[in-house]
Amino acid sequence: MRKTETVTISGEILSYAEGLVARGEYRDVGSAIEGELLKARARRSGKISPFQNELRGRLMIQPDQWDAMGVSSEPFFGDDPALARMIEDRS
């Protein structure tokens with residue numbers, strides 16, 4: 001059984017969720033918020049590998065400031081479309 005609750009989201013958080021939907025990462029704002037909360041919970045519980053955390057940080061650096069690693073997204077990121085897309089965009 002799934003329990004639902006109505007929550008009011010506005011401002012910066014709503015804009016962020018709408019941006020995730022616009023980029024095709026989620027089908028709707030509710031899914032975006034739920035998905036991002038699940039990712040945050042996984043990070044806090046240690047289910048995100050140190051490699052993924054390091055790569056996420058490095059992908060925030062401009063391409064001309066680091067040497068690309070030349071890895072494909074599939075073996076390393078599984079179901080994390082945001083990281084996979086970031087790598088594809090830098091290719």
Side-chain angles (χ1 to χ4, degrees):
M1 184 172 140
R2 184 177 171 140
K3 179 181 176 183
T4 61
E5 185 174 327
T6 301
V7 178
T8 302
I9 305 287
S10 61
E12 209 174 312
I13 301 301
L14 180 58
S15 295
Y16 177 72
E18 290 171 337
L20 293 172
V21 173
R23 287 192 300 273
E25 293 186 39
Y26 297 96
R27 68 178 181 276
D28 56 46
V29 171
S31 297
I33 293 169
E34 184 176 351
E36 292 301 300
L37 283 172
L38 289 171
K39 285 181 186 178
R41 182 174 68 181
R43 276 188 212 100
R44 286 188 174 153
S45 68
K47 292 181 181 173
I48 301 296
S49 73
F51 175 78
Q52 287 175 307
N53 285 330
E54 177 68 19
L55 186 58
R56 183 181 295 275
R58 288 182 185 202
L59 288 171
M60 302 309 271
I61 299 171
Q62 296 300 315
D64 63 340
Q65 295 177 351
W66 68 288
D67 293 326
M69 289 186 271
V71 297
S72 68
S73 60
E74 187 61 32
F76 297 102
F77 310 113
D79 62 351
D80 192 338
L83 281 175
R85 204 175 279 96
M86 289 173 82
I87 287 183
E88 288 174 16
D89 290 346
R90 291 190 177 264
S91 298

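Just so it is clear, the structure is predicted and the values come from calculations on it, not from any experiment.
- Residues Val29 and Leu37 share a single hydrophobic cluster, defined by chaining ILVMFWY side chains whose heavy atoms lie under 4.5 Å apart.
- Under the salt bridge (charged side-chain N to carboxylate O under 4.0 Å, His left out) criterion, Glu18 pairs with no residue at all, not counting sequence neighbours.
- Note on Leu14: it clusters hydrophobically with Val7, by side-chain heavy-atom contacts below 4.5 Å among ILVMFWY residues.
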Would Glu34 and Tyr26 count as a side-chain contact (heavy atoms from CB on, under 4.5 Å) if you check the C-alpha gap in whole Å, the side-chain angles of each, and the deciding distance to 0.1 Å?
-> CA-CA 10 Å; Glu34 184 176 351; Tyr26 297 96; over 6 Å; no
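- Closest non-hydrogen pair, Ala32 versus Ala17, comes out as CB-O, 3.9 Å.
- Here the side chain of Ser31 pairs no donor or acceptor atom with the backbone of Arg27 at under 3.5 angstrom.
- Residues Ile9 and Ile33 approach most closely at CG1-CD1, 3.9 Å, considering heavy atoms.
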